[in-house]
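Keep in mind it's a predicted model, so treat the numbers as computed, not measured. In the text below, chain A, chain B and the rest are named by the order of the sequence lines, each starting its count at 1.
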Amino acid sequence: MSIVSQIQKATSKTLTLLYQQPFNENDFQVNQTKEEFVGDYTVVLFSLLKKTNQNPAALGETLGNTLLHKFPELFAGYNIIKGFLNLEIKDDYWLQLLKTQYNNVCYGLSPKNGQRIMVEYSSPNTNKPLHLGHLRNNFLGWSVAEILKADGYEVFKSCIVNDRGVHICKSMIAWQLFANGATPESTGTKGDHFVGEYYVKFNEEYKKQIKEGLAAGLDEKTAEKEAPILKATQQMLQDWEVGKPAVMQLWETMNNWVYSGFDVTYQRIGSDFDKTYYESNTYLLGKDIVQQGLEKGVFFRKEDGSVWIDLTANGLDEKIVLRKDGTSVYITQDIGLAQQKYQEYKIDQSIYVIGDEQNYHMKVLKLIAQKLGEPYADNIFHLSYGMVELPSGKMKSREGTVVDADELVDEMIATSKKHTEELGKVKDFEEEELATLYKTLGLGAMKFYLLRVDPKKKMVFNPEESIDFHGFTGPFVQYTHARIKSILRKEPLENDAPISADLLPLEKNILVILEQFNQVLVKAAKELNPSEIAIYVFNLAKSFNSFYSVHSITNAETIEKKQLRLRLAVMTAGVLKKGMNLLGIVVPERM
RNA sequence: GGUUCGGUAGCUCAGCUGGAUAGAGCAUCAGCCUUCUAAGCUGAGGGCCAUUGGUUCGAAUCCAAUCCGAAUCACCA
């Protein structure tokens, strides 16, 4: 049980006895005491004044005094300032934590809770390479999945590959028109980039044709609609749907180019999935559900044959679920896939990591499932994350303002190489070790950068300024870890050695933070927010660095002190590593 | 226009289930390597928390209005 909840329990129990009326743990707040005051944790008294009919000083005095006498094993002292009761926790509490947990590989993790969760993330289109926005999605999804695992859930990572539709046909048409049979191999291009180039070419040609149409006297709408290349694309989509062999073959070939490119990127950034769904397999799902919905009266058919759902009562519009020609729209397949996931994996919760531009769509999806009375409906949760923007605004693939994922990773690795070489601390590393280190640091900086902010908020990335390696960054935490490991290589810890019984303030600070690990994890899991972990791990590293700069471990004042600090170092390194791993970041032994 | 989200230091972000003098990092300035890795540590400056009103013992936080910005509202995915 965490120290905070122990204080809450003790306080509510004491108050209930003292004032002969029930107090529960929500009646008051327990915060960490601010640095400028004496104490470890603070009870805010204001909210208790009315119920106890006391002034802050008197209440604080009574409460503090009683707590001290009733729980002598927990509290060492108290003081009252304004409406705040500052409590000092006994050193023994922190020392006990250190003694029993410093070496516990499962420290901070929550017990298994039997719940099953699916996290769908990444979900790329197969017509262009991944960009910075996808990186945020991938890191978020992966990290959230790991955080949930650590908090006791059984987690399944899934990915829906959007491998069919007009967007792919655009790349295919452009390839037919302009490639002259070129392939990724023949041009030495990574497959996803290769296909992406033809997507760009499509748009160039399309624009050109619109201009020509306008010059020929067409109005804007007609020029857009009647452009031959667009017509060809639509024809190709129809050919795909009826399975015309030549189209299917080209489609498969080009998709495979993209997949081989994606594989390389996923491998590098460490994304993995337990289950991959392909839209080409799932796009027909959901049609029977629509049929059932019609029978139930959840949906209605319009005169032209199209099927709709009326969501105006929920503040939304009417939404189409089946076209007049009977083909399904995006939301139809989503309903089908939601059902399939539920049936295949028996999941208690289904999380979708999708950008906030699709808030409306996801709201509709959940509403439809609810109206259909689907058992999984209430467990659909949209983890809606903000877009990554440039200082100039939104990234737009058509305008070429996207930050390419592969290029950015390359850049990060090159930057970490540069920094490492300048510092010259690992000159004895083999080439392979160096390559691993550069990747560890470069990716660490990038993942930390993208995960340290609240997922819900949009964020700004300035390509002109490279991602930092100092301060609130991945490498800062990695460095702290490496430095601890360096000490531990030189000073082996003796497991049974006695340790010092008193704690210096800088030593205690670290333990106070270490103690909070599980609470932070639980909060991060509940809020699906990896930034909680990033902030935590940074604070822990900072606290250790402050300690490190003042107190020596190897040359500690006494042998007992040295043993205590070695344990402190071991435990800190363990939690730093675990926390960083939850973010998908590796911590090096040396750097 | 409807709906939703956002506006905190020069920049990037915490804090937002109301509580002590609004916090970090970067950048700027001043110190600290004969000592376990200086990718580090210590300190300084920097704020009408968009604006106005309200609720409260107490508001960056809750409510209302206004201003500014973004997303979304397709027989696209």
Side-chain angles (χ1 to χ4, degrees), chain A residues 26 29 31 33-34 36-37 42 44-47 49-50 56 81-84 86 123 125 127 162 164-168 279 283 302 304-308 315-317 319-325 327-331 333-334 355-361 363-364 384 386-387 389 391 393-394 416 419-420 422-423 425-426 441 445 449 452-454 456-462 465 467-480 482-491 531-532 534-535 538-539 541-542 544-556 565 569 590-591:
Chain A
N26 303 324
Q29 310 160 38
N31 305 328
T33 304
K34 293 205 167 200
E36 53 268 40
F37 304 103
T42 297
V44 182
L45 299 169
F46 293 102
S47 55
L49 299 182
K50 265 192 190 150
I81 297 171
K82 294 185 188 172
F84 302 91
N86 300 321
S123 305
N125 288 354
N127 63 327
N162 300 305
R164 50 135 249 139
V166 259
H167 51 291
I168 283 79
E279 195 191 310
Y283 83 108
K302 285 196 177 176
D304 64 0
S306 56
V307 181
W308 298 71
L316 306 177
D317 304 320
K319 191 86 188 172
I320 189 161
V321 293
L322 216 55
R323 294 190 188 105
K324 64 185 173 201
D325 61 6
T327 57
S328 52
V329 293
Y330 191 49
I331 197 97
Q333 7 175 334
D334 268 355
D356 60 11
E357 55 194 359
Q358 296 207 36
N359 285 353
Y360 183 84
H361 175 80
K363 210 167 159 183
V364 170
S384 163
M387 299 287 105
E389 294 183 356
K394 210 185 162 185
S416 72
H419 284 303
T420 307
E422 276 168 11
L423 290 165
K425 292 179 182 177
V426 287
L441 296 177
Y449 178 85
R452 71 180 194 187
V453 310
D454 187 334
K456 290 188 288 296
K457 294 196 177 174
K458 66 180 179 210
M459 60 184 292
V460 175
F461 173 79
N462 190 349
E465 303 164 11
I467 294 173
D468 222 304
F469 281 63
H470 303 269
F472 185 19
T473 66
F476 175 95
V477 181
Q478 290 172 318
Y479 176 70
T480 308
R483 215 159 51 165
I484 292 174
K485 286 295 177 174
S486 164
I487 297 168
L488 295 174
R489 275 191 298 273
K490 292 172 195 158
E491 290 286 345
S531 77
E532 297 278 352
I535 293 165
F538 172 64
N539 283 330
K542 215 164 47 156
F544 187 87
N545 286 337
S546 297
F547 156 80
Y548 177 93
S549 66
V550 179
H551 303 296
S552 174
I553 295 174
T554 50
N555 297 315
R565 288 181 185 162
R590 286 183 60 192
M591 63 186 274

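- The side chain of A:R489 contributes no N or O atom lying less than 4.0 Å from OP1 or OP2 of B:U37.
- Contacts of A:A482 with the nucleic acid, taken as non-hydrogen atoms under 4.0 Å apart, include base atoms.
- In this structure, A:S546 reaches the sugar-phosphate backbone alone: every heavy-atom distance under 4.0 Å involves primed, P, OP1 or OP2 atoms, never a base.
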Which letter, B, S or -, goes with each nucleotide of nucleotides 15-32 of chain B from 5' to 3', with contact meaning a protein heavy atom under 4.0 Å? -B--BBS--SSS------

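- Contacts of A:K302 classified as salt bridge (Lys or Arg N to Asp or Glu O under 4.0 Å), with partners at least two apart in sequence or in another chain: A:E318.
- Look at the P atom in both B:U52 and B:G18: the space between them is 24 Å, to the nearest Å.
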Take A:L322 and A:S306 through the side chain to side chain contact (heavy atoms under 4.5 Å, CB included) test and state the conclusion after the steps. CA-CA 6 Å; A:L322 216 55; A:S306 56; over 6 Å; no

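- Take A:F46 and apply the ring-ring contact (aromatic ring centres under 6.0 Å, His included) test, not counting sequence neighbours, and it matches A:F84.
- Nucleic acid contact class of A:Y449 (heavy atoms, under 4.0 Å, all strands): none.
- For the side chain to side chain contact (heavy atoms under 4.5 Å, CB included) criterion with A:I81, the lone passing option out of A:N86, A:T33, A:T42 is A:N86.
- When the C1' atom is used for both B:A70 and B:G31, the distance is 44 Å, rounded to whole Å.
- Base orientation of B:C33: syn, the glycosidic angle falling within 90° of 0.
- Taking atom C1' on both nucleotides, B:G23 is separated from B:C49 by 12 Å, rounded to a whole Å.
- Both A:F461 and A:N545 lie close to RNA chain B; mapped to their nearest nucleotides by heavy-atom distance, the more 5′-ward contact belongs to A:F461.
- Counting non-hydrogen atoms under 4.0 angstrom, A:T420 reaches a base of the nucleic acid.
- Checking the phosphate oxygens (OP1, OP2) of B:U37, a side-chain nitrogen or oxygen of A:S486 falls inside 4.0 Å.
- With both ends at atom C1', the span from B:A27 to B:A74 equals 46 Å, rounded to whole Å.
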Going 5' to 3' through nucleotides 67-77 of chain B and flagging B where a protein heavy-atom sits under 4.0 Å of the base, S where only the sugar-phosphate is that close, and - otherwise, we get ---SSSS-BSB

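- Remark: the separation of the C1' atoms in B:A65 and B:U28 is 40 Å, to the nearest Å.
- Comparing A:V453 and A:S416 by the nucleotide of RNA chain B that holds the closest heavy atom to each, the one mapping nearer the 5' end is A:V453.
- In RNA chain B, the stems built from three or more successive Watson-Crick or G-U pairs (distances below 3.5 Å) are B:1-7 with B:67-73, B:10-13 with B:23-26, B:28-32 with B:40-44, B:50-54 with B:62-66.
- Rounded to whole Å, the P atom of B:A50 lies 13 Å from the corresponding atom of B:G10.
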Should A:D468 and A:Y449 be marked as a side chain to side chain contact (heavy atoms under 4.5 Å, CB included) after you check the CA-CA gap, both sets of side-chain angles, and the distance that decides it? CA-CA 8 Å; A:D468 222 304; A:Y449 178 85; over 6 Å; no

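- Under the side-chain contact (heavy atoms from CB on, under 4.5 Å) criterion, A:I553 pairs with A:I487, A:F544, A:F547, A:R565, A:L566, A:A569, sequence neighbours left out.
- Taken to the nearest 0.5 Å, the CG atom of A:D304 stands 12.5 Å off from the CZ atom of A:R323.
- In this structure A:K34 satisfies the side chain to side chain donor-acceptor pair (under 3.5 Å) test with no other residue, sequence neighbours excluded.
- B:U34 and B:G19 have their C1' atoms separated by 50 Å, given to the nearest Å.
- Residues meeting the salt bridge (Lys or Arg N to Asp or Glu O under 4.0 Å) test with A:K394, sequence neighbours left out: A:E357.
- For A:Y360, there are no ring-ring contact (aromatic ring centres under 6.0 Å, His included) partners at least two apart in sequence or on another chain.
- With sequence neighbours excluded, the residues satisfying salt bridge (Lys or Arg N to Asp or Glu O under 4.0 Å) with A:D454 are A:K456.
- When the P atom is used for both B:G54 and B:A71, the distance is 35 Å, rounded to whole Å.
- In terms of the ring-ring contact (aromatic ring centres under 6.0 Å, His included) criterion, residue partners of A:F538 (sequence neighbours excluded) are, by chain and number, A:F472, A:F476.
- Taking atom CD1 of residue A:I484 and atom C1' of nucleotide B:A38, one finds them 16 Å apart after rounding to whole Å.
- One donor-acceptor pair, N or O on each side, does fall under 3.5 Å between the base of B:C36 and the side chain of A:T554.
- With sequence neighbours left out, the salt bridge (Lys or Arg N to Asp or Glu O under 4.0 Å) criterion links A:R164 to A:E241, A:E279.
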